[in-house]
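Have a look at the structure below before the remarks.
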Amino acid sequence: MLQSFNSTNSSMELSSSLTPFSKKLSDISFSSSLSPFPLQLYPQTSKPKNLRVLAVAVGPSQELPRNSPQRLLKELAHRKKATAPRKKVPPKRFILKPPLDDKKLTERFLNSPQLSLKQFPLLSSCLPSSKLNTADNTWIDEYLLEAKQALGYPLEKSDELGDDNPAKQFDTLLYLAFQHPSCDRTNARHVRSAHSRLWFLGQYVLELALAEFFLQRYPRESPGPMRERVFGLIGKRNLPNWIKAASLQNLIFPYDDMDKLIRKDREPPVKSVFWALLGAIYLCFGMPEVYRVLFEVFGMEPEAEDCQPRLRRQLEDVDYVSVEFEGNKLSWQDVATYKPPQDALFAHPRLFRACVPPGMHRFRGNIWDYDSKPQVMQILGYPLAVNDRIPEITEARNIELGLGLQLCFMHPSKYKFEHPRFCFERLEYVGQKIQDLVMAERLLMKHLDAPGRWLQEKHRRVLMNKFCGRYLREKYMHRFIIYSEQVQDAYENNRRLRNPATTAVQQALHGLSYTVYGKPDVRRLMFEVFDFEQIQPKSV
């Protein structure tokens, strides 16, 4: 039998001791040079003379080498076995937790730093939701002095200041400003949320500061070129240059070289920290300090070549500008240190003169002044009661307010081609920026626990252009807009043309309100007269 088996398998060597078959498999011993075939033995209880060997080889008792092809094939076959797919477990932050009971919720809010400052509600709303822990204080002890030195602030701790000084919270806000979403401390909820709320506020502070600066620096320029100048200074491509000029890049990227990072890894953290820094400085020191940091610390240059607007056809401006602007290009120091005189007509007199040209007095006593102005002032609640030392100041303010209102309703199609500044464009530009800032402050104080991205989306949805124009039309104020005869019929019968015009008039009214009466009156117009938040009861 073995001879016939060897004849058919010449390449196989088999040696066995033909002994009576035992019931124990351990008594059988085979040695073979063939490793891949496992040993399959079927015990026979018959006599030894009828022995039949059905197995050809016995695998070695030792394991296969790691790099053996047979081992790899066996592992691959094992992995290919059909198994039920495992369900993905959501991250822990997305798992809904049971709400806090009333007692714990009360303790959390009462112990929160956000409710600690009654004198400064906006500043208090931007503080972290819980007290800083040991890890936060470690960063402050290690890096805060470097940041304060780069920004030009004294190195003493701000906690030593009085409670009536908003700068007492500067150390905390400065620490939060540097905790961008890509840093180590962003996993802490109170740090992540507070940083996002700071950059949410800071972006609108930056826009308003540069809008006011360029409106006063270029009193004859239309808003189009000014927007290009602003973008040339604070576009996200240029922000890393300002951060590097202030030597703050090592605080943002402690483990990387900022110049070697690709744009998508470099620009978002820089933009986030830049905005948050300006938000913190605005809350603690006000707008003049924002100008100093922008132009002195970061080294912004308004006359730089890459910040100039593109060449375009300019309309000839034959009208006068205010005396303080004639032949004098204001610097950032002039804008930052300007304080209105004691008997000033307006809250921001120089900004008013930059937006409302002196030549508007030629329109006093026209049909709109007699027919439409009283209705507009009644709807808006003007003039406001102001305690002036001299009655003539009140009378002069009301006259200028009436001329400003007429300018707010003056569409560019009427006089712009002969008199480029006799339209609402410059007032619309500053009104758009102050409207954004007022709404941002309102949302921050109203939603204490909301992160910045949620507030950003809420802000965008409330201030969409189509809504701004709708609030004006609900008051039937669109009928007072002054169009040229050529476009009057087209705008009345085509809402696609009419609605952007009503939006511009709405924003121009906010700009006039800011320059004449200040930010409180913008809040009154937005939330009491026009009801931007849509929370007032509607007449049925």
Side-chain angles (χ1 to χ4, degrees), residues 105-132 163-170 172-177 189-209 272 275-287 289-290 347 431-464 467-468 471 510 513-514 517-536:
L105 192 62
T106 304
E107 290 179 357
R108 175 183 167 186
F109 276 103
L110 291 180
N111 295 330
S112 170
Q114 290 180 320
L115 298 180
S116 60
L117 304 178
K118 295 182 179 179
Q119 292 178 310
F120 311 106
L122 178 61
L123 171 61
S124 182
S125 68
C126 293
L127 292 175
S129 57
S130 59
K131 295 181 180 179
L132 300 183
D163 293 337
D164 57 343
N165 191 343
K168 182 175 182 177
Q169 309 297 328
F170 183 61
T172 301
L173 295 181
L174 188 60
Y175 159 69
L176 295 172
R189 180 180 177 273
H190 67 285
V191 173
R192 180 177 65 248
S193 179
H195 173 82
S196 63
R197 291 167 69 87
L198 277 179
W199 66 247
F200 168 68
L201 175 67
Q203 59 181 323
Y204 302 116
V205 170
L206 179 62
E207 291 277 352
L208 177 63
S272 177
W275 288 352
L277 273 176
L278 295 178
I281 293 169
Y282 170 74
L283 289 172
C284 294
F285 302 107
M287 195 65 86
E289 191 65 20
V290 172
Q432 182 184 16
K433 304 308 177 185
I434 188 61
Q435 169 183 294
D436 287 341
L437 182 60
V438 167
M439 180 57 73
E441 294 177 356
R442 177 83 166 195
L443 292 177
L444 283 169
M445 291 187 287
K446 190 174 182 179
H447 305 281
L448 291 180
D449 57 342
R453 291 198 178 278
W454 186 88
L455 294 173
Q456 180 86 11
E457 183 65 19
K458 179 80 171 175
H459 185 280
R460 187 187 69 84
R461 290 177 181 274
V462 172
L463 293 185
M464 292 178 73
F467 293 151
C468 296
Y471 303 142
H510 294 155
S513 169
Y514 175 64
Y517 292 110
K519 194 189 295 183
D521 191 52
V522 181
R523 296 192 193 100
R524 183 187 68 86
L525 287 184
M526 290 180 64
F527 306 121
E528 296 179 19
V529 177
F530 293 111
D531 189 20
F532 267 62
E533 293 182 308
Q534 294 294 297
I535 56 176
Q536 297 180 7

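- Sequence neighbours left out, the pairs with a member in residues 438-458 that pass ring pair (Phe, Tyr, Trp, His ring centres under 6.0 Å) are His447-Trp454.
- Side chains of Ser129 and Asp449 form no contact here, defined as non-hydrogen atoms less than 4.5 Å apart.
- Between Met287 and Leu208, the closest side-chain pair of non-hydrogen atoms falls below 4.5 Å.
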What verdict does the side chain to side chain contact (heavy atoms under 4.5 Å, CB included) test give for Leu127 and Leu173, after you've listed the backbone C-alpha separation in whole Å, the side-chain angles of each residue and the deciding distance to 0.1 Å?
CA-CA 7 Å; Leu127 292 175; Leu173 295 181; 3.9 Å; yes
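- Counting heavy atoms from C-beta on, the side chains of His190 and Leu132 come closer than 4.5 Å.
- Looking at residues two or more places apart in sequence or on another chain, you find a side-chain contact (heavy atoms from CB on, under 4.5 Å) between Asn165 and Leu161, Ala167.
- Counting heavy atoms from C-beta on, the side chains of Leu198 and Leu277 never come closer than 4.5 Å.
- Smallest separation of non-hydrogen atoms from Ala194 and Pro128: CB-CA, 3.9 Å.
- His459 is listed as a side-chain neighbour of Phe200, based on a closest heavy-atom distance under 4.5 Å.
- Taking all atoms of both residues into account, the shortest heavy-atom contact from Leu448 to Arg197 is O-NH1, 3.3 Å.
- Under a 3.5 Å cut-off, the side chain of Gln169 and the backbone N or O of Cys284 do not form any donor-acceptor pair.
- Contacts of Arg453 classified as side-chain contact (heavy atoms from CB on, under 4.5 Å), with partners at least two apart in sequence or in another chain: Trp199.
- Considering every non-hydrogen atom in both Asp163 and Gln119, the closest pair reads O-OE1, 3.5 Å.
- Here the SG atom belonging to Cys126 is positioned 10.0 Å from the CG atom belonging to Leu176, to the nearest 0.5 angstrom.
- Between Leu283 and Leu201, the closest side-chain pair of non-hydrogen atoms falls below 4.5 Å.
- For Gln435, the side-chain contact (heavy atoms from CB on, under 4.5 Å) partners at least two apart in sequence or on another chain are Leu463, Cys468, Gln507, His510, Met526, Phe532.
- Between Asp531 atom CG and Gln536 atom CD the span is 4.0 Å, to the nearest 0.5 Å.
- Considering only residues two or more places apart in sequence or on other chains, Phe120 meets the side-chain contact (heavy atoms from CB on, under 4.5 Å) condition with Leu123, Pro166.
- Between Arg524 and Asp521 there is a salt bridge, since a side-chain N of the basic residue sits under 4.0 Å from a carboxylate O of the acidic one.
- The nearest pair of heavy atoms linking Ala347 to Gly518 is CB-N, 3.6 Å.
- Scanning both residues, Ile281 and Phe170, for their nearest heavy atoms gives CG1-CE1, 4.2 Å.
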Quick one: do Phe527 and Ile535 satisfy side chain to side chain contact (heavy atoms under 4.5 Å, CB included)? Show the steps, please.
CA-CA 9 Å; Phe527 306 121; Ile535 56 176; over 6 Å; no
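- Two residues are said to be in side-chain contact when any heavy atoms from C-beta on lie closer than 4.5 Å; Val191 and Tyr175 meet this criterion.
- Taking each heavy atom of Ser193 and Pro451 in turn, the nearest pair found is OG-CA, 3.9 Å.
- Of the possible donor and acceptor atoms, none in the side chain of Gln203 sits under 3.5 Å from a partner among the backbone N and O of Gly279.
- Side-chain contact between Lys519 and Leu437 is present, with heavy atoms from C-beta onward closer than 4.5 Å.
- Among residues two or more places apart in sequence or in another chain, the salt bridge (Lys or Arg N to Asp or Glu O under 4.0 Å) test is passed with Arg189 by none.
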